[in-house]
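The next block holds one structure in the form of structure tokens; read it before the comments.
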Amino acid sequence: MANQSLPIEPMFAALGDPTRLSVVERLGRGPASVSDLAGNYAMALPSFLKHLKQLEASGLIRTEKQGRVRTCTLEPLALTAVDRWIAERRRDASARLDRLGAYLDRQET
């Protein structure tokens, strides 16, 4: 496996939950306060905070507190690591399919 600058396993685990995935999608439009984010979900704030903690621990988001407001921001470098991993898998799969196609072409002749 290629050397990654950021561990991607926790990122995929975090993105595997629909709530956390939608938080990441929302933060793609820009930073938001915890209260603004939490208002979109029918769950208690402590439960929502667990989702944010997992996203933060995975490196997908960062939070910053100013006064009484905690703001969440998407970490683009983390998404770049996920994108790079997916691109590598796509290249590998495409190369295998190309080899299979070439093999099948040789079999027809």
Side-chain angles (χ1 to χ4, degrees):
M1 180 185 269
N3 187 14
Q4 300 290 328
S5 59
L6 295 171
I8 61 166
E9 292 86 359
M11 294 178 201
F12 279 113
L15 292 171
D17 178 85
T19 298
R20 292 188 292 269
L21 183 60
S22 70
V23 168
V24 168
E25 288 173 351
R26 164 53 191 89
L27 291 176
R29 296 190 306 270
S33 70
V34 170
S35 59
D36 287 343
L37 290 171
N40 296 319
Y41 302 94
M43 67 178 70
L45 185 59
S47 297
F48 184 74
L49 289 174
K50 287 181 182 181
H51 287 290
L52 292 183
K53 285 184 187 219
Q54 186 166 358
L55 285 169
E56 192 169 19
S58 74
L60 287 166
I61 69 168
R62 64 180 157 82
T63 63
E64 180 180 324
K65 188 170 184 177
Q66 291 184 332
R68 297 180 67 185
V69 178
R70 181 166 293 278
T71 303
C72 300
T73 306
L74 191 60
E75 281 292 343
L77 289 178
L79 292 178
T80 300
V82 171
D83 184 51
R84 184 173 39 247
W85 185 89
I86 291 171
E88 289 171 4
R89 304 296 78 71
R90 186 180 299 123
R91 272 193 308 275
D92 292 346
S94 180
R96 282 192 301 275
L97 287 173
D98 288 347
R99 287 191 304 270
L100 176 61
Y103 172 78
L104 293 174
D105 288 344
R106 287 190 308 270
Q107 297 303 311
E108 289 178 357
T109 57

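Quick caveat: nothing in here was measured; it's all calculated off a predicted structure.
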Subject >> Nearest-0.5 Å distance, OG1 of residue Thr19 to CG of residue Leu52 >> reply: 10.0 Å
Subject >> Pair listing, salt bridge (charged side-chain N to carboxylate O under 4.0 Å, His left out) test, anchored in residues 92-105, at least two apart >> reply: Arg89-Asp92
Subject >> Interatomic distance, His51 atom NE2 to Leu37 atom CG [nearest 0.5 angstrom] >> reply: 12.5 Å
Original post:
What is the minimum heavy-atom distance between Cys72 and Leu27, and which atoms define it?
Top reply: O-CD2, 3.5 Å
Original post:
Donor-acceptor pair, Arg20 side chain versus Ala14 backbone, under 3.5 Å?
Top reply: yes
Subject >> Heavy-atom closest contact (Pro7 atom, Pro10 atom, distance) >> reply: O-CD, 3.6 Å
Original post:
Got a sec, which pairs hit side chain to side chain donor-acceptor pair (under 3.5 Å) with one end in residues 28-43, sequence neighbours left out?
Top reply: Ser22-Tyr41, Ser33-Ser35, Ser33-Asp36
Original post:
Under the side-chain hydrogen bond (donor to acceptor under 3.5 Å, both in side chains) test, which residues partner Gln66, sequence neighbours left out?
Top reply: Glu64
Subject >> Residues in side-chain hydrogen bond (donor to acceptor under 3.5 Å, both in side chains) contact with Glu25, at least two apart in sequence or another chain >> reply: none
**OP:** With sequence neighbours excluded, tell me which residues meet side-chain contact (heavy atoms from CB on, under 4.5 Å) with Leu15.
**Re:** Leu21, Val24, Leu60
Original post:
Same cluster or not: are Val69 and Leu74 linked, directly or through other Ile, Leu, Val, Met, Phe, Trp or Tyr residues, by side-chain heavy atoms under 4.5 angstrom apart?
Top reply: no
Original post:
What distance separates Glu108 CD from Tyr103 OH, expressed to the nearest 0.5 Å?
Top reply: 11.5 Å
Original post:
Tell me, which pairs form a salt bridge (charged side-chain N to carboxylate O under 4.0 Å, His left out) where one or both residues lie in residues 52-62, sequence neighbours left out?
Top reply: Arg62-Glu75
